[in-house]
Amino acid sequence: QGCCHGALDDIYSTLQRAAEKDGEVVDLLLCCGDFQAVRNCQDLNCMAVPNKYKKMGSFYKYYSGEKTAPMLTIFIGGNHEASNHLRELGHGGWVAPNIYFLGHSGVVRYGGLRIAGISGIYKSYDYNKGHFEAPPYNSGSLRTAYHVRSCDVYRLGLLTGDVDIMMSHDWPLGIHRHGNYQQLFRFKPYFRMEAEKNELGSP
């Protein structure tokens with residue numbers, strides 16, 4: 001699953017319908033950021049998005065115990081998250097029963113698979129800083145909180161052996177060259193300048 005945007009009810013029901021149709025069982029869901037684990041209005045106010053995109057979504061139902069995730073769900077953070085909530089679990093942890101956050105960077109094993117991930121997006125000016133953000137957040141720290149740091153990359157670099165699945169929210173640097181970048185620039189014109197400077201994506 002790419003960006004979740006808090007739509008857990010929709011994602012789970014879609015997966016379950018597809019599994020029933022095909023006679024299969026889905027036992028693991030991987031979400032690559034913008035999960036939006038929003039528990040309450042305070043969390044909603046700690047999301048660095050325009051107000052028109054601030055919606056509660058359905059995660060709070062799983063956090064409160066009203067519902068239980070029907071399959072193990074593992075996710076990383078993106079650049080549109082409740083910064084205050086995920087900051088509490090910088091080294092990873094359970095955000096709700098059956099829903100696990102990999103932290104700033106982390107690795108787990110599941111069913112013989114080694115799954116690693118790194119949260120956030122790359123910004124060169126914050127890369128060599130520590131995770132200094134803490135409540136009360138301002139408009140700047142809400143955003144820098146989800147910037148990838150060199151210490152997070154270093155932790156993954158200490159792994160030995162193979163990783164079966166690597167999760168990232170950010171695009172690899174230069175990936176636009178392998179698709180219809182003209183259409184991409186029409187939809188996201190501000191990407192063109194980053195691409196021309198070879199800064200679109202994570203190195």
Side-chain angles (χ1 to χ4, degrees), residues 1-6 30-38 43 45-50 53-54 74-93 95 100-108 114-179 181 184-185 187-203:
Q1 172 69 37
C3 297
C4 176
H5 294 300
L30 302 177
C31 295
C32 291
D34 285 2
F35 187 80
Q36 297 183 1
V38 176
D43 287 354
N45 289 328
C46 285
M47 279 178 51
V49 298
Y53 295 121
K54 289 183 178 179
I74 299 172
F75 74 98
I76 57 171
N79 59 323
H80 299 118
E81 304 287 2
S83 296
N84 61 325
H85 185 192
L86 298 190
R87 182 70 178 91
E88 296 170 11
L89 296 168
H91 296 292
V95 295
Y100 188 81
F101 173 49
L102 277 177
H104 296 308
S105 64
V107 61
V108 295
R114 199 179 194 198
I115 304 167
I118 188 160
S119 294
I121 60 172
Y122 175 79
K123 294 292 182 184
S124 60
Y125 49 83
D126 282 327
Y127 185 67
N128 288 314
K129 297 177 182 177
H131 289 284
F132 61 86
E133 299 85 0
Y137 294 94
N138 58 37
S139 60
S141 60
L142 278 180
R143 289 167 173 78
T144 62
Y146 55 69
H147 291 167
V148 172
R149 307 299 160 89
S150 58
C151 57
D152 305 325
V153 176
Y154 179 77
R155 288 175 62 201
L156 292 180
L158 295 175
L159 294 174
T160 58
D162 294 333
V163 170
D164 299 294
I165 299 172
M166 178 66 199
M167 299 168 63
S168 169
H169 184 69
D170 219 354
W171 295 342
L173 185 66
I175 197 173
H176 65 280
R177 300 188 190 102
H178 302 279
Y181 58 87
L184 173 66
F185 296 157
F187 285 114
K188 305 280 188 178
Y190 50 90
F191 281 175
R192 181 184 296 275
M193 184 177 298
E194 291 185 38
E196 289 173 349
K197 293 191 293 184
N198 199 34
E199 295 177 353
L200 182 58
S202 176

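Side chains are part of it too, since the values below use all heavy atoms of this structure and drop only hydrogens, waters and symmetry mates. The first residue in the sequence is number 1, and the count goes up from there. Nothing here was measured: the structure is a model prediction, and the numbers come from that model.
By the side-chain contact (heavy atoms from CB on, under 4.5 Å) test, Pro136 pairs with no residue at all, sequence neighbours left out. For Leu89, the side-chain contact (heavy atoms from CB on, under 4.5 Å) partners are Val95, Phe101, not counting sequence neighbours. Residues satisfying the ring-ring contact (aromatic ring centres under 6.0 Å, His included) criterion with Phe191, sequence neighbours excluded, are Trp171. Shown here are the side-chain hydrogen bond (donor to acceptor under 3.5 Å, both in side chains) partners of Asp162, two or more places apart in sequence or in another chain: there are none. Qualifying ring-ring contact (aromatic ring centres under 6.0 Å, His included) partners for His104, counting only residues two or more places apart in sequence or in other chains: His131. Listed by chain and residue number, Gln36 satisfy the side-chain hydrogen bond (donor to acceptor under 3.5 Å, both in side chains) test with His5 (two or more places apart in sequence, or in another chain). Applying the side-chain contact (heavy atoms from CB on, under 4.5 Å) criterion to Val107, with sequence neighbours excluded, gives Arg114, Ala116, Leu159. With sequence neighbours left out, the side-chain hydrogen bond (donor to acceptor under 3.5 Å, both in side chains) criterion links Ser141 to Asn138. Residues passing the side-chain contact (heavy atoms from CB on, under 4.5 Å) test with Tyr53 are Val49, Pro50, sequence neighbours excluded.
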Listing, residues 142-149 side-chain donor-acceptor contacts under 3.5 Å, not counting sequence neighbours, or none:
from   : atom 1 : to     : atom 2 : distance (Å)
Arg143 : NH1    : Ser139 : O      : 2.8
Thr144 : OG1    : Glu133 : OE2    : 2.7
Tyr146 : OH     : Asn79  : O      : 3.4
His147 : ND1    : Asp126 : OD2    : 2.6
His147 : NE2    : Arg143 : O      : 3.4
Arg149 : NE     : Asp126 : O      : 3.4
Arg149 : NE     : His147 : O      : 3.1
Arg149 : NH1    : Gly130 : O      : 2.3
Arg149 : NH2    : Glu133 : OE2    : 2.8
Arg149 : NH2    : Thr144 : O      : 2.5

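The closest donor-acceptor contact from the side chain of Asp34 to the backbone of Cys4 lies at 3.5 Å or more, if one exists at all.
Within the structure, every pair that satisfies the salt bridge (Lys or Arg N to Asp or Glu O under 4.0 Å) test and touches residues 78-93, not counting sequence neighbours, is listed here: Arg39-Glu88. Within the structure, every pair that satisfies the side chain to side chain donor-acceptor pair (under 3.5 Å) test and touches residues 188-203, not counting sequence neighbours, is listed here: Arg177-Asn198.
Annotation: side chain of His169 is in contact with side chain of Ile121 (closest heavy-atom distance under 4.5 Å).
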